[in-house]
Amino acid sequence: MALTAIKGFNDILPGESGRWHYIEEAARRVFELNGFSEIRVPVMEKTELFCRSIGDATDIVEKEMYSFTDKGDNSITLRPEGTAGVMRAYIEHKLHALDPVAKLYYLGPMFRYERPQKGRYRQFHQIGAEITGVHDPLVDAQVLNMLTAFFREIGLDEPSLQINSLGCPECRPAYRAALCSFLEARTGDLCEDCRRRLSTNPLRALDCKVPGCIQATVGAPSVLEHLCTGCDDHFSAVRSYLDLTETPYSINSRMVRGLDYYTRTTFEMVTTLLGSQSAVAAGGRYDGLIQQLGGPAIPGIGFAMGVERIALLLGQREFASLPDLFIATMGAGERNAAFKLMHGLLKAGVRVEMDYEGKSLKSQMRRADKLKACFSVVIGGNEVASGSAAFKRMSDGIVTEAPLTVAGFEAVLAQGRGISPHHLSTPVSE
RNA sequence: GUGGCCAUGGUGAAGCGGUUAACACAUACGACUGUGACUCGUACAUACGAGGGUUCAAAUCCCUCUGGCCACCCCA
């Protein structure tokens, strides 16, 4: 194969795009119901934006960014995540002046130079949502409820919600120090990676899969026990709001985030069905980010969902949009009548297909079958002469005689109870 | 960045040193000259990821490269 796509960059083929539409439309529906508006920002930003927001010492910034110098000698980067760009736009256009409370969502490709594997690609897609301007834990709960609602909307109950609090710049340093001294006391029991983490990101050690480390960290101090009063109250309030709305969740005090800007509430929707890629969606509060990027001191909270991972969870369900009618024709003269009928039906919003190449009736019928058309009709000399035709329901072969007109077929469609004339983005379970 | 496994047609795959690269599905056309799904027939890889090497002979053995998958790291 001479020319192929870039490693880790995937084509979404026609057979798959229906599933993507299903996910994207469900997200738009749920988010807009919750008062969010879409914001579209560039896929590239100045490199500095990501260094300042995500954190210079994170893996993303250190080794995973697609950064390069453009012809004007500017260092630019393909966005590795969405929040930074959205917040840059929020500040740049002074959206906070209009209304400090903004509810925004976005979707699109993100880029990270990682080794591809199941559920992880170099170009991947995220759908994310952000709320700015509200300190109240009520919005934390609303965001979590919306996330939960989204997964319910697409018919998945598998990913489950885990929450944690990371504290704030007030209380986190003390926790970090307590954890470090705990870990330092047992460096001997830790794996090589965790010894390295001790200096880079000690919290990660709590997340390690090596049995020895799991054992060694059993009694490790928990973030939740080191929260300052403000953070502790906040977290309790989030939990009580979730309880109030009966939103299922569990607390995972060992949950770690990869981005530096998170404060207080953090969360993930996790699954065990995707191999080692357990996080399907993740996010948290970022109260310092906007100010850190040069904006006013306005808090924020948001999340991003991995579209590929959701698509994987949806599995083999079929999301095709199927024709309502396939028109087969007998001879060249009849194709005029067929083409005109198709045109009329399309204008009326009926999904119609017809033979384009004057093939044999047999092969036209085979095509009608292959396209999974609801109905088929054969237009030959008799039909043109009589102005009426036999519409055959493909599922059971039952034939209905009706006028060869738009109204005629619409009547047939209406009769076929339970067969929706509009299949667009309706999942057809197999 | 590290490790393991793998690489034959549109797809799933047989083949493991020797003349025409099984089989199945998919696809196209036909048997049935106005009706699909079943059946049957015909067609469909000078080609076995790429490049070298060993051999009289390689899809089959060796090396390099490239790609894929999975895992680590990290993350959506």
Side-chain angles (χ1 to χ4, degrees), chain A residues 1-8 10 13 15 23 54 58-64 79-83 107-128 147 159 191-194 196-197 200-201 204 207-210 255-259 267-271 274-284 302-313 326-331 334 355 357 359-384 389-397 399:
Chain A
M1 212 77 73
L3 239 30
T4 57
I6 302 168
K7 185 193 192 82
N10 298 120
L13 272 7
I23 295 168
I54 299 168
T58 59
D59 274 39
I60 293 178
V61 170
E62 264 183 9
K63 47 197 194 198
E64 295 174 2
R79 37 132 97 141
E81 62 100 38
T83 303
L107 76 190
M110 306 294 160
F111 306 85
R112 256 120 95 160
Y113 193 89
E114 299 181 271
R115 194 75 165 261
Q117 67 187 74
K118 184 176 190 149
R120 197 177 75 183
Y121 311 99
R122 288 184 175 177
Q123 181 187 96
F124 60 102
H125 295 76
Q126 288 188 335
I127 302 176
L147 192 53
C191 70
E192 206 180 304
D193 281 327
C194 283
R196 175 177 52 76
R197 285 171 181 134
T200 58
N201 191 351
R204 279 264 168 239
D207 209 29
C208 187
K209 290 162 194 135
V210 176
M255 192 173 78
V256 186
R257 305 277 61 225
L259 286 60
F267 51 89
E268 287 184 358
M269 292 295 278
V270 298
T271 177
L274 292 180
S276 60
Q277 264 58 248
S278 59
V280 177
F303 64 82
M305 315 189 283
V307 181
E308 283 83 355
R309 292 181 184 180
I310 295 169
L312 245 24
L313 286 181
F326 185 92
I327 305 176
T329 56
M330 289 306 298
E334 285 71 33
D355 167 61
E357 300 174 88
K359 298 211 169 168
S360 70
L361 218 217
K362 172 108 179 159
S363 77
Q364 294 186 57
M365 289 305 293
R366 277 184 176 160
R367 187 161 177 78
D369 188 52
K370 192 175 93 174
L371 295 174
K372 296 192 175 125
C374 263
F375 288 88
S376 70
V377 66
V378 176
I379 300 184
N382 300 340
E383 285 76 12
V384 172
F391 292 91
K392 181 182 195 175
R393 187 155 73 190
M394 299 298 278
S395 57
D396 52 16
V399 159

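None of these values were measured; they are calculated from a predicted model.
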Report task. Rounded to whole angstrom, note down the C1' distance from B:A57 over to B:U19. Result -> 11 Å

Requested in this report: Could you tell me whether the phosphate oxygens of B:A76, OP1 or OP2, come under 4.0 Å of any side-chain nitrogen or oxygen in A:Arg257?
Outcome: yes

Query raised in the report: Of A:Tyr113 and A:Val378, whose nearest nucleotide on RNA chain B comes first from the 5' end?
Result: A:Tyr113

Query raised in the report: Quantified in whole Å, what is the C1' atom distance between nucleotide B:A45 and nucleotide B:C32?
Result: 32 Å

Exercise answer: donor-acceptor pairs, residues 302-311 of chain A side-chain atoms, under 3.5 Å, sequence neighbours excluded:
{"residue": "A:Glu308", "atom": "OE1", "partner": "A:His125", "partner atom": "N", "Å": "2.9"}
{"residue": "A:Glu308", "atom": "OE2", "partner": "A:His125", "partner atom": "N", "Å": "3.2"}
{"residue": "A:Glu308", "atom": "OE2", "partner": "A:His125", "partner atom": "ND1", "Å": "2.8"}
{"residue": "A:Arg309", "atom": "NE", "partner": "A:Gly119", "partner atom": "O", "Å": "2.7"}
{"residue": "A:Arg309", "atom": "NH1", "partner": "A:Ala279", "partner atom": "O", "Å": "2.8"}
{"residue": "A:Arg309", "atom": "NH2", "partner": "A:Gly119", "partner atom": "O", "Å": "3.2"}

Requested in this report: Can you tell me, in whole Å, how much space there is between the C1' of B:G3 and that of B:A76?
Outcome: 24 Å

Report task. Scan A:Arg367 against the nucleic acid and name what it touches under 4.0 Å (heavy atoms): base, sugar-phosphate only, or nothing. Result -> nothing

Report task. Please figure out whether A:Asn10 or A:Thr58 has its closest RNA chain B nucleotide nearer the 5' end. Result -> A:Asn10

Query raised in the report: Contact class for A:Gly381 (heavy atom, under 4.0 Å): base, sugar-phosphate, or nothing?
Result: base

Using atom names, set out every protein N or O paired with an N or O of nucleotides 70-74 of chain B below 3.5 Å, distance rounded to 0.1 Å.
{"residue": "B:C70", "atom": "OP2", "partner": "A:Lys118", "partner atom": "N", "Å": "2.6"}
{"residue": "B:A71", "atom": "OP1", "partner": "A:Ser276", "partner atom": "N", "Å": "3.3"}
{"residue": "B:A71", "atom": "OP2", "partner": "A:Gln117", "partner atom": "NE2", "Å": "3.2"}
{"residue": "B:A71", "atom": "N7", "partner": "A:Gln117", "partner atom": "OE1", "Å": "3.4"}
{"residue": "B:C72", "atom": "OP2", "partner": "A:Ser276", "partner atom": "OG", "Å": "2.7"}
{"residue": "B:C72", "atom": "N4", "partner": "A:Arg120", "partner atom": "NH2", "Å": "3.4"}
{"residue": "B:C73", "atom": "OP2", "partner": "A:Lys209", "partner atom": "NZ", "Å": "3.3"}
{"residue": "B:C73", "atom": "N3", "partner": "A:Arg120", "partner atom": "NH1", "Å": "3.2"}
{"residue": "B:C73", "atom": "N4", "partner": "A:Arg120", "partner atom": "NH1", "Å": "2.2"}
{"residue": "B:C73", "atom": "N4", "partner": "A:Arg120", "partner atom": "NH2", "Å": "3.3"}
{"residue": "B:C74", "atom": "OP1", "partner": "A:Arg197", "partner atom": "NE", "Å": "2.9"}
{"residue": "B:C74", "atom": "OP1", "partner": "A:Arg197", "partner atom": "NH2", "Å": "3.3"}
{"residue": "B:C74", "atom": "OP2", "partner": "A:Arg197", "partner atom": "NH2", "Å": "2.3"}
{"residue": "B:C74", "atom": "O2'", "partner": "A:Glu64", "partner atom": "OE2", "Å": "3.2"}
{"residue": "B:C74", "atom": "O2", "partner": "A:Glu114", "partner atom": "OE2", "Å": "3.1"}
{"residue": "B:C74", "atom": "O2", "partner": "A:Arg120", "partner atom": "NH1", "Å": "2.9"}
{"residue": "B:C74", "atom": "N3", "partner": "A:Arg120", "partner atom": "NH1", "Å": "3.4"}

Requested in this report: Name the nucleic acid region contacted by A:Ala279, choosing base, sugar-phosphate or nothing; use a 4.0 angstrom heavy-atom cut-off, strictly under.
Outcome: sugar-phosphate

Query raised in the report: Quick one: A:Lys362 NZ to B:C40 P, roughly how many Å, whole number?
Result: 13 Å

Query raised in the report: If we take the C1' atom in both B:U54 and B:G17, what is their distance in whole Å?
Result: 12 Å

Query raised in the report: Over how many whole Å does the gap from A:Gln126 atom CD to B:A76 atom C1' extend?
Result: 5 Å

**Report entry** Side-chain ion pair, A:Glu81 and A:Arg112, N-O less than 4.0 Å
**Finding:** no

Query raised in the report: Can you find a heavy atom in the side chain of A:Tyr113 that is under 4.5 Å from one in the side chain of A:Arg122?
Result: yes

**Report entry** P-based separation of B:G10 from B:C6 [nearest Å]
**Finding:** 23 Å

Query raised in the report: When the C1' atoms of B:G34 and B:A47 are considered, how many whole Å apart are they?
Result: 43 Å

Report summary line: Residues at least two apart in sequence or cross-chain that pass side-chain hydrogen bond (donor to acceptor under 3.5 Å, both in side chains) with A:Asp355, listed by chain then number, are none

**Report entry** No-H, no-angle donor-acceptor pair, A:Glu383 side chain to B:G34 base, under 3.5 Å
**Finding:** yes

Report summary line: Answer for the Watson-Crick or wobble partner of B:G15, both distances under 3.5 Å, is B:U8

Report task. Can you tell me, in whole Å, how much space there is between the C1' of B:A21 and that of B:A14? Result -> 10 Å

Report task. Figure out the CG/P separation between A:Leu361 and B:G36, and round it to whole Å. Result -> 8 Å

Requested in this report: Could you measure between the two C1' atoms, the one in B:G15 and the one in B:A58, and give it in whole Å?
Outcome: 13 Å

Query raised in the report: Could a donor-acceptor pair under 3.5 angstrom be found where the side chain of A:Lys7 meets the base of B:G68?
Result: no

Query raised in the report: Given that both distances must come in under 3.5 Å, which nucleotide forms a Watson-Crick or G-U wobble pair with B:G34?
Result: none

**Report entry** Validation row: A:Phe326, A:Gln364 side chains within 4.5 angstrom (heavy atoms)
**Finding:** yes

